[in-house]
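Here's the structure, in structure tokens; my notes come after.
For the numbers below, each heavy atom of this structure counts, side chains included, while hydrogens, waters and symmetry mates do not. Order of listing sets the numbers, starting from 1, for every ligand and every atom in it.
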Amino acid sequence: MEHLINPQVKEIQISGIRKISNLVSTIPGALTLTIGQPDFPTPRHIIEAGQRALEQNKTVYTPNPGLLELREAASQFVLHKYGQQYRAADEIIVTVGASEAVDITLRTILTPGAEVILPAPIYPGYEPLIRLAGGVPVYVDTRENGLKLTADLLEPHLTDKTRCVILCYPSNPTGQVLSEQELADLARLLEDKDLFVLSDEIYSELVYEDQHRSIATIGKLREKTIVINGLSKSHAMTGWRIGFTFAPAYLTQHMVKVHQYNVTCASSVSQYAALEALTNGIDDALPMREAYVSRRDYVYERLKSMGFELDKPNGAFYLFPSIARFGLSSQEFAMRLLQEEHVAVVPGDAFTAYGEGYMRISYAYSQEVLEQALDRVERFVSKLV
Ligand SMILES: Cc1ncc(COP(=O)(O)O)c(C=O)c1O
């Protein structure tokens with residue numbers, strides 16, 4: 001019967017991040033720097049809000065786009081933090097993590113053959129959803145461009161089939177952010193084109209030496225942009241599964257149908273916890289951000305001193321050094337590092353073929369783990385050169 005299964009689904013590969021994480025569990029004493037989730041617990045007051053919701057039997061369906069109070073809190077949060085203006089009533093949907101937000105966006109805007117531009121290397125969660133929606137991913141190689149999608153790099157890839165450009169800044173896996181000028185240039189290029197922009201801003205609270213800026217706040221871009229955000233990274237709430245879409249009403253009214261028939265609504269208990277996060281916990285990310293900055297600086301300096309080539313990224317919790325000088329493919333490098341020194345990193349090719357020649361290190365780990373793991377990385381690379 002297997003031949004009857006949708007070939008498009010059969011072709012989807014398990015993510016390279018999961019593959020390496022699964023392997024790590026078979027190696028006793030292995031240290032892992034692979035996971036993209038905060039090592040902090042969800043703040044206590046948010047957990048208590050979730051507990052109260054349970055005790056008060058707030059365990060029934062909510063409105064499809066989410067509790068109105070939560071959408072109002074989300075509207076205030078993005079206005080106050082990033083200057084984004086979205087109406088709670090008809091421009092915001094509470095989703096099951098940012099992942100569902102990406103899915104309902106793509107399924108709402110894509111038709112068969114529609115091209116979606118992605119700066120690569122990039123988070124591997126988009127391509128399967130683009131393909132399932134009938135779209136065609138078109139990767140733009142950013143390796144010679146500071147790992148950023150800029151207007152001049154993007155322009156030659158735009159065709160009359162381009163229906164969407166995905167921006168993921170701060171970036172997973174590179175940690176790069178776009179400057180105000182780079183965003184303005186992209187906005188000028190895209191403002192009069194018949195296409196949408198999916199701006200995945202899930203790491204917006206983790207921008208370090210600067211402020212987060214969204215393309216949706218520039219000129220006419222608000223009308224064609226779907227902003228995706230959520231609480232997984234900002235409030236250490238990956239398992240609560242709360243994300244958001246912020247998009248003009250003409251788009252949201254259609255996205256909400258896809259969401260409704262897919263999940264009905266996000267978990268009610270998680271929504272009450274999220275309400276607490278976005279009212280009494282709007283600055284909960286700040287102490288975590290401080291810790292990430294000092295870890296980033298530590299890991300960056302260590303890697304530099306070992307001879308890795310890398311830029312110091314300004315957001316998210318990843319470093320993406322080049323491993324080219326060691327003469328191994330990203331798979332060989334990651335496998336040998338795991339087998340010989342028991343440290344797991346994600347091979348760059350998990351972030352599309354354009355990630356070949358790199359590895360991703362997550363520094364969402366304690367200082368002790370980072371120190372030990374980097375000692376082992378140092379021992380490993382000293383054998384290679
Ligand atoms: C860029 C990016 N977008 C979306 C997601 C998914 O987020 P969520 O856990 O809220 O679904 C992740 C998770 O790692 C991510 O890195």
Side-chain angles (χ1 to χ4, degrees), residues 14-18 20-21 32-40 42 46 66 70 74 77 93-106 116 118-130 137 139 142 147-149 164-178 197-207 212 214-215 226-246 259 262-263 266-267 270-271 273-274 277-278 285 288 292 313-320 346 348 350-352 355 360-365:
I14 313 178
S15 122
I17 310 176
R18 280 271 160 254
I20 195 115
S21 307
T32 170
L33 303 179
T34 57
I35 304 283
Q37 79 177 335
D39 60 317
F40 298 97
T42 303
I46 299 176
L70 175 55
F77 184 87
I93 305 172
V94 182
T95 57
V96 181
S99 308
E100 195 229 343
V102 173
D103 188 40
I104 63 170
T105 299
L106 293 171
V116 180
L118 304 108
I122 194 162
Y123 170 66
Y126 307 114
E127 175 169 342
L129 299 179
I130 292 168
Y139 288 108
T142 64
L147 299 167
K148 292 177 177 195
L149 185 69
C164 179
V165 175
I166 294 188
L167 299 179
C168 171
Y169 297 102
S171 159
N172 177 6
T174 70
Q176 294 297 331
V177 302
L178 297 182
V197 176
L198 184 168
S199 184
D200 183 344
E201 302 179 15
I202 187 79
Y203 294 98
S204 60
E205 281 294 275
L206 303 179
V207 173
H212 175 68
S214 170
I215 197 164
I226 302 98
V227 175
I228 287 173
N229 212 324
L231 301 185
S232 296
K233 320 286 173 172
S234 60
H235 288 74
M237 290 178 69
T238 50
W240 297 80
R241 311 305 302 129
I242 292 292
F244 298 96
T245 60
F246 301 89
H259 167 76
N262 194 11
V263 299
S267 146
S270 296
Q271 289 193 55
L278 293 184
M288 299 188 238
Y292 292 135
N314 203 12
F317 35 58
Y318 308 108
L319 286 159
F320 201 63
V346 184
F351 305 97
T352 76
R360 189 192 77 175
I361 288 187
S362 162
Y363 50 88
Y365 292 94

When you look at H235 and T42, which way does the side chain to side chain contact (heavy atoms under 4.5 Å, CB included) test go after all the steps? CA-CA 6 Å; H235 288 74; T42 303; 5.9 Å; no
Filter the ligand 1-protein atom pairs down to N or O on both sides and distance under 3.5 Å, then list them.
unit_1	atom_1	unit_2	atom_2	d
ligand 1	3 (N)	D200	OD2	2.6
ligand 1	9 (O)	S232	OG	3.3
ligand 1	9 (O)	R241	NH1	2.9
ligand 1	10 (O)	A98	N	2.8
ligand 1	10 (O)	S232	OG	2.7
ligand 1	11 (O)	A98	N	3.1
ligand 1	11 (O)	S99	N	2.9
ligand 1	11 (O)	S99	OG	2.5
ligand 1	11 (O)	R241	NH2	2.7
ligand 1	14 (O)	K233	NZ	2.7
ligand 1	16 (O)	N172	ND2	2.8
ligand 1	16 (O)	Y203	OH	2.8

Donor on one side chain, acceptor on other, S199 and E201, under 3.5 Å: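 Result is yes, a qualifying pair exists.
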Measure the acute angle between the ring planes of Y126 and Y123, then classify it against the limits of 30° and 60° as parallel, tilted or perpendicular.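 Correct class here is perpendicular.
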Angle between ring planes, F40 versus Y292, binned at 30° and 60°: parallel, tilted or perpendicular?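 Perpendicular.
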One pair to check against ring pair (Phe, Tyr, Trp, His ring centres under 6.0 Å): F351 and Y139. What are the steps and the verdict? CA-CA 11 Å; F351 305 97; Y139 288 108; over 10 Å; no
List in chain and number order the residues that pass salt bridge (charged side-chain N to carboxylate O under 4.0 Å, His left out) with D103, two or more places apart in sequence or in another chain; answer none if no residue qualifies. R107
